[in-house]
Structure formats: C-alpha cells, structure tokens
Amino acid sequence: MAFELPALPYDKAGLAPHMSAETLEFHHGKHHQAYVTALNNFVKDKPELQGKSLDDIVKMSYGKPDMAGVFNNAGQHWNHILFWNCMKPKGGGAMPGRLEQKIAADFGGVAQFKDAFKTAGATQFGSGWCWLVVGKDGKLKVSKTPNGENPLAQTGEMAILGCDVWEHSYYIDYRNRRPDYLTAFVENLVNWEYVDSLLAKA
Ligand code: MN3
C-alpha cells in the first residue's frame, strides 16, 4: 500500500499569523507531498521495502549509503507527520500538568527547557530538526539532527516534539530570522496536549 500525505489536522489558515496559509500550502502541499511521492517510487522499485511500516523503513535505511534516497524521504515523511500534529491553532500556553512536571524535573524548569529547545534549533547548521526526546534512561532531553535524520533512526528513542528548521519552514513568514520562528513555535504553535499524549505512550 502506498504512503499518503496526511491531511493537516487544522485549516491551512488556522496557524496564522505565526505560520501563514502560504507557508503551509508550500510546506505541506509541495515539500511534504514530494517526500511521499519519492518514497513511494523507491518502494515500488525495491521489493525489500514492500509491506514495511514507515518506522521500519526509517530504521532499516538509516546509515546505508545505497539507501540514502530512501532514508531521506522516509525520514522526512516521518518527521513531518509528527511536526503537523505537534501544532494547533492558538497553541502554546500552559502545558498539561504531567508534562510540565516531567519537564521541570528533567530540565530544571519550563523556561530552561524552552531555551534549550530553541538553542538546539537555532544552532543546527543548515537544514535539520530539533527535538524533545524520551531518552533510553526515561529522562527527557533536547537534541538536533541534520537533514531528514531523527532520533528514531539514530538511537531508536522516541521524539515527542519536533520542529522543522529547514528554511522552507520559516522563510516566507520570518525570512532569515530562525530564532523568531522558534520562539513563535514554542510560545504560539505547539499543541502541548498532543506532546503530553506521546509522553504517556513512551
Ligand atoms: Mn519541512
């Protein structure tokens, strides 16, 4: 069965003014769609990928030079599915209590976590992602990855929040001001209830 571009869980204009309908039109409708199309073309030509889940393809193609094209597109499909679900109209604001307590325990406070997350995104050189991850030791941590890589591929750990810092995610709305985009993401876009639901599953 072919992979499909998931519908956005909100209206294209629903994240404005922090993320415009034009950004979502290109980012979801063009960029994410292109990853899905390319992934399906690889799967069609590679019997060993057929019938595999997206998680399996991400893990089995990571770090293999002959599977680089497969990995880049599978990784980006995985990353964007999380990213769209991690945002909502009128996002940001207060976190559910369980999530806030866990973040306070592992980072020393919500403000410290937000600083660490934004710094990871701002210092990722070139294209990539920043993450809030449930580590193997059960503690939350922040990380960053280049291009289409993600914690699932690198360590098998579960990301419960991801922010795209490829230029296509912010250049229409923020031009070169990646830190401003990261602040808007954390303060006005994140769906903390969704992040909390992933923490509960981890
Ligand atoms: Mn993107």
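Position 1 is the first residue of the sequence; numbering continues from there. In listed order, ligands and their atoms are each counted from 1.
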Members besides Phe125 in its Ile/Leu/Val/Met/Phe/Trp/Tyr cluster (side-chain heavy atoms under 4.5 Å): none

Rounded to 10°, how many degrees is the angle OD2/Asp164-the Mn ion (ligand 1)-NE2/His80? 100°

Under a 4.0 Å threshold between the charged nitrogen and the carboxylate oxygen, would Glu193 count as salt-bridged to Lys88? yes

The Mn ion (ligand 1) to nearest N/O/S of His168 below 2.8 Å: yes

Do you see an N/O/S atom of His31, backbone or side chain, under 2.8 Å from the Mn ion (ligand 1)? no

NZ/NE/NH1/NH2 to OD/OE distance under 4.0 Å, Lys30 and Glu25: no

Ring centroid separation for His80 and Trp129, is it under 6.0 angstrom? yes

